[in-house]
Amino acid sequence: MPDGQKIAGRVFVTRDLAPPVIQRLRDEFSEVDVWEPYGPPAPRELAERTTGCVALLTMVSDRVDAALLDAAPTLKVVANMAVGYNNVDIAAAAARGVVITNTPNVLEETTADMAFALMLAVARRVVESDADTRAGNWGLWHPGLWLGNDVHGATLGIVGLGTIGSAVARRAGGFDMRIKYTARNRQSETEAAVGAEYVPDLRDLLGQSDFVSLHVPLTDATRDLIGVPEFRAMKSTAYLINTSRGDVVNTDALLAALQDGAIAGAGIDVTAPEPIPPDHPLLKQSNLVITPHLGSATHATRIRMAMLAAENAIAACTGAPVPNAVTG
Ligand code: DGY
């Protein structure tokens with residue numbers, strides 16, 4: 001915008017983001033409304049605060065549907081602070097001329113780190129043995145104590161070789177893992193770059209892998225991608241790692257697989273439902289390592305995501321090219 005001129009209109013930001021991000025919005029918008037409570041606005045509060053806005057800056061846990069968009073006919077853009085946008089009804093937004101944006105290329109390496117953290121934690125029993133040690137049970141060294149399985153040299157099956165999947169593959173190279181992958185479309189260039197072998201059939205990949213790491217977006221095609229037959233296809237010594245979306249895995253099937261030993265364990269950062277209720281039986285499984293959707297949760301990456309979402313909102317409201325508009 002020309003000096004001193006601001007975007008005439010309000011942006012509603014659904015979480016209290018880092019001060020430099022809020023300041024950047026204040027520099028550009030005539031009005032910035034920030035949701036101060038720690039938790040998210042309820043759907044009714046979200047609709048009330050969005051009404052009359054030109055821009056909305058959302059999190060992955062905010063549902064943006066036709067009803068919300070209808071409550072805000074002045075809205076030009078929904079800038080989602082996430083690479084995934086399954087929380088947004090893209091068709092409803094397109095029908096109303098509302099631009100939707102996401103935050104790619106700033107969080108992939110951080111999320112790949114998390115997938116590896118879960119892989120190492122569950123295979124080497126880091127969480128179980130930490131809890132036991134804190135409980136005062138560190139007895140004399142014993143050759144059979146807390147035995148796990150090797151990550152190095154194992155076969156990693158990656159489902160979805162996009163930017164996060166390939167970042168996981170690069171890390172796996174450093175652990176001397178055999179890397180295999182499946183994807184809707186073969187990624188010849190990427191597979192050559194990361195040294196991965198393409199396995200066209202998902203169940204074949206599952207049967208060949210010691211670790212299976214999921215890196216697909218949530219769509220109608222990937223919902224419940226991993227269910228009872230897929231767990232049956234996995235080795236009983238294998239581990240499932242999920243940093244994508246909870247709904248890609250059927251929760252009942254995961255629970256059964258962990259309970260009856262169909263797989264050795266799982267490391268999951270996402271669940272269905274999310275958040276997982278505190279009395280959910282999954283939380284009783286000692287062969288599960290679980291974290292509360294922390295894939296991109298580092299100081300540096302969260303600032304980058306928030307700033308990118310802010311830039312997307314500003315661009316969409318000033319008529320500048322929008323860096324990360326998504327179309328579905
Ligand atoms: C994303 O970017 O989609 C993550 O799940 C949110 O951190």
Side-chain angles (χ1 to χ4, degrees), residues 13-18 21 35 38-41 46 56-65 77-90 93 99-119 158-168 171 183 213-226 240-249 251 266-276 289-313 322-328:
V13 186
T14 67
R15 290 309 182 285
D16 194 3
L17 300 176
V21 179
W35 180 256
Y38 183 82
L46 180 61
L56 175 62
L57 200 156
T58 48
M59 309 297 122
V60 73
S61 45
D62 299 317
R63 179 96 209 111
V64 179
D65 55 15
V77 58
V78 177
N80 206 38
M81 192 184 126
V83 71
Y85 43 87
N86 53 289
N87 56 311
V88 179
D89 185 335
I90 298 289
V99 176
I100 305 299
T101 66
N102 69 341
T103 58
N105 308 320
V106 293
L107 55 82
E108 288 72 6
E109 299 296 331
T110 301
T111 306
D113 285 350
M114 190 67 186
F116 246 85
L118 290 170
M119 212 183 299
I158 296 177
V159 181
L161 197 66
T163 45
I164 300 176
S166 54
V168 169
R171 283 157 178 74
S213 195
L214 304 177
H215 302 288
V216 290
L218 176 63
T219 64
D220 289 344
T222 62
R223 191 177 297 280
D224 282 342
L225 185 70
I226 307 295
L240 180 77
I241 308 299
N242 190 10
T243 53
S244 62
R245 287 291 182 267
D247 286 292
V248 172
V249 176
T251 303
I268 62 173
D269 185 46
V270 286
T271 56
E274 198 169 305
I276 194 152
V289 173
I290 183 166
T291 49
H293 204 142
L294 299 180
S296 60
T298 65
H299 296 287
T301 294
R302 284 288 161 81
I303 293 260
R304 281 197 293 263
M305 291 166 70
M307 204 50 107
L308 189 51
E311 295 303 342
N312 278 313
V322 180
N324 308 113
V326 297
T327 50

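Along the sequence shown, residues are numbered consecutively beginning with 1. Both counts, for ligands and for their atoms, begin at 1 and track the order of listing.
Residues passing the salt bridge (charged side-chain N to carboxylate O under 4.0 Å, His left out) test with R223, sequence neighbours excluded: D247. Qualifying salt bridge (charged side-chain N to carboxylate O under 4.0 Å, His left out) partners for E109, counting only residues two or more places apart in sequence or in other chains: R170, R171. Under the salt bridge (charged side-chain N to carboxylate O under 4.0 Å, His left out) criterion, R302 pairs with no residue, sequence neighbours left out.
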Steps toward side-chain contact (heavy atoms from CB on, under 4.5 Å) verdict (I164, L107): CA-CA 8 Å; I164 300 176; L107 55 82; 4.3 Å; yes
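Although no hydrogens or angles enter the test, the distance criterion places a donor-acceptor pair under 3.5 Å between the side chain of N87 and the main chain of D62. Remark: the backbone N or O of W35 is not paired with any side-chain donor or acceptor of D16 at under 3.5 angstrom.
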Find all protein N or O atoms under 3.5 angstrom from an N or O atom of ligand 1 and list the pairs with distances, or write 'none'.
| from | atom 1 | to | atom 2 | distance (Å) |
| --- | --- | --- | --- | --- |
| ligand 1 | 2 (O) | V83 | N | 2.7 |
| ligand 1 | 3 (O) | V83 | N | 3.4 |
| ligand 1 | 3 (O) | G84 | N | 2.9 |
| ligand 1 | 3 (O) | R245 | NH2 | 2.7 |
| ligand 1 | 5 (O) | R245 | NH1 | 2.7 |
| ligand 1 | 5 (O) | R245 | NH2 | 3.4 |
| ligand 1 | 5 (O) | H293 | NE2 | 2.6 |
| ligand 1 | 7 (O) | S296 | OG | 2.7 |

